[in-house]
Amino acid sequence: MSERGERPLLFLDVDGPLLPFGDGPQRGPSSATDAHLTRLDPCVGPRLAALPCELVWATTWEEAANTHLAPLLGLPPLPVVSWPEKSDAQEREDQWFGLHWKTRTLVAWADGRPFVWVDDEITDADRDWVSTHHPARALLHPIASSRGLTDEDFAALDQWLRAA
């Protein structure tokens with residue numbers, strides 16, 4: 001728990017972590033009708049829901065994640081990060097530091113709360129920037145986009161979230 005008594009946030013990307021890009025077999029039984037959604041493993045939803053955190057969509061899917069993915073995962077509608085336009089100065093700074101385009105917005109959205117960010121495009125530049133600009137604990141957890149979330153990822157997330 002954070003010092004404000006709130007559970008940590010878990011910012012969740014979709015493409016890569018939940019919808020792997022690999023050529024492997026389809027994940028399992030799914031009620032998905034869209035071919036790309038057959039890559040979604042419905043067992044991931046209960047595992048995400050069991051983590052001691054507040055789940056938040058951090059994806060360009062935005063509200064479509066609640067419409068198309070949450071029901072397939074057995075999740076309720078989740079809060080959604082919206083992506084504001086950056087100023088020219090922010091764009092230049094982000095390019096200079098090599099920041100992911102989501103980094104600055106996620107730190108602002110967290111508003112001082114501890115958070116985990118699960119994405120397939122996280123870099124050391126993002127970690128460095130977050131450690132400098134975010135006052136609470138943060139775990140930027142990269143996912144291999146070819147595999148999506150794995151047992152090892154869930155173990156690491158659970159361990160970090162339960163550590164105080």
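All values below come from the heavy atoms of this structure, side chains included, with hydrogens, waters and symmetry mates left out.
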- Task: Take Thr103 and Asp94 through the test side-chain contact (heavy atoms from CB on, under 4.5 Å) and record every step on the way to the result.
- Result: CA-CA 9 Å; Thr103 307; Asp94 289 359; over 6 Å; no
- Given side-chain contact (heavy atoms from CB on, under 4.5 Å), test Phe21 with Arg39 step by step and report yes or no. CA-CA 8 Å; Phe21 298 117; Arg39 296 179 284 147; 3.7 Å; yes
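When only modelled atom types and interatomic distance are considered, Ser131 and Asp128 share no side-chain donor-acceptor pair under 3.5 Å.
Judged purely by atom type and a 3.5 angstrom limit, His133 uses its side chain to pair as donor or acceptor with the backbone of Trp129. Between the side chain of Arg113 and the backbone N or O of Pro8, no donor-acceptor pair lies under 3.5 Å. One N or O on the side chain of Thr150 and one on the backbone of Asp153 form a donor-acceptor pair closer than 3.5 Å. Listed for the Arg162 side chain is no donor-acceptor partner under 3.5 Å among the backbone atoms of Pro52. When atom types are taken as modelled, the side chain of Gln90 and the backbone of Ser87 share a donor-acceptor pair closer than 3.5 angstrom.
Proximity of Cys53 to Leu161: side-chain heavy atoms (C-beta onward) are separated by under 4.5 Å at one or more points. When side chains are defined from C-beta on, Val81 counts as touching Thr105, because their heavy atoms get closer than 4.5 Å. Contact of the His141 side chain with the Trp160 side chain is not registered, since no non-hydrogen atoms from C-beta on lie closer than 4.5 Å. A heavy-atom distance below 4.5 Å is found between the side chains of Trp101 and Trp83. For the pair Trp109/Pro79, a side-chain contact is recorded, criterion being any heavy-atom separation below 4.5 Å from C-beta on.
Of the residues listed (Leu73, Leu9, Leu78), the one engaging Leu55 in a side-chain contact (heavy atoms from CB on, under 4.5 Å) is Leu78, and it is the only one.
To the nearest 0.5 angstrom, Leu48 atom CG is 6.5 Å from Leu18 atom CG. We find the CZ-CD1 distance between Arg127 and Ile122 to be 6.5 Å, quoted to the nearest 0.5 Å. Interatomic distance, Leu140 CG to Glu121 CD, rounded to the nearest 0.5 Å: 13.0 Å. Taken from CD in Glu91 to CD in Glu85, the straight-line distance is 8.0 Å, to the nearest 0.5 Å. Atom-to-atom distance recorded for Gln159:CD and Leu157:CG is 10.0 Å, nearest 0.5 angstrom.
Under a 4.0 Å N-O distance rule, the pair Lys102/Asp13 qualifies as a salt bridge. Ion pair Asp158/Arg47 not flagged as a salt bridge, since none of the NZ, NE, NH1 or NH2 atoms sits closer than 4.0 Å to an Asp/Glu carboxylate oxygen.
For Ile143 against Gly16, the heavy-atom pair with the smallest separation is CG2-O, 4.4 Å. Nearest heavy-atom pair across Ser146 and Pro20 is O-CB, 3.9 Å. Of all heavy-atom pairs between Pro71 and Asn66, the closest is CD-O, 3.2 Å. Here the closest heavy-atom approach between residue Ala125 and residue Gly98 is recorded as CB-O, 3.6 Å. Annotation for Trp61 and Leu19: closest pair CZ2-CD1, 3.6 Å, computed over non-hydrogen atoms. Across Gly112 and Pro135, no two heavy atoms sit closer than the pair CA-CG, 4.0 Å.
Hydrophobic cluster membership is shared by Leu40 and Val80, with clusters built from Ile, Leu, Val, Met, Phe, Trp and Tyr side chains linked at under 4.5 angstrom. Note: the hydrophobic cluster containing Val107 does not contain Val118 (ILVMFWY, side chain heavy atoms under 4.5 Å, direct or indirect links). Residue Val116 is grouped with residue Leu75 when hydrophobic side chains (ILVMFWY) are merged at heavy-atom distances under 4.5 angstrom, including chains of intermediate members. Clustering ILVMFWY residues whenever any of their side-chain heavy atoms sit less than 4.5 angstrom apart, transitively, puts Leu37 in the very cluster that holds Leu149. When hydrophobic clusters are built by joining Ile, Leu, Val, Met, Phe, Trp and Tyr residues whose side-chain heavy atoms come closer than 4.5 Å, directly or via intermediates, Leu139 is not grouped with Val130.
Aromatic pair Trp117/His100: ring centres closer than 6.0 Å. Residues Trp57 and Phe11 place their aromatic rings such that the two centres sit no closer than 6.0 Å.
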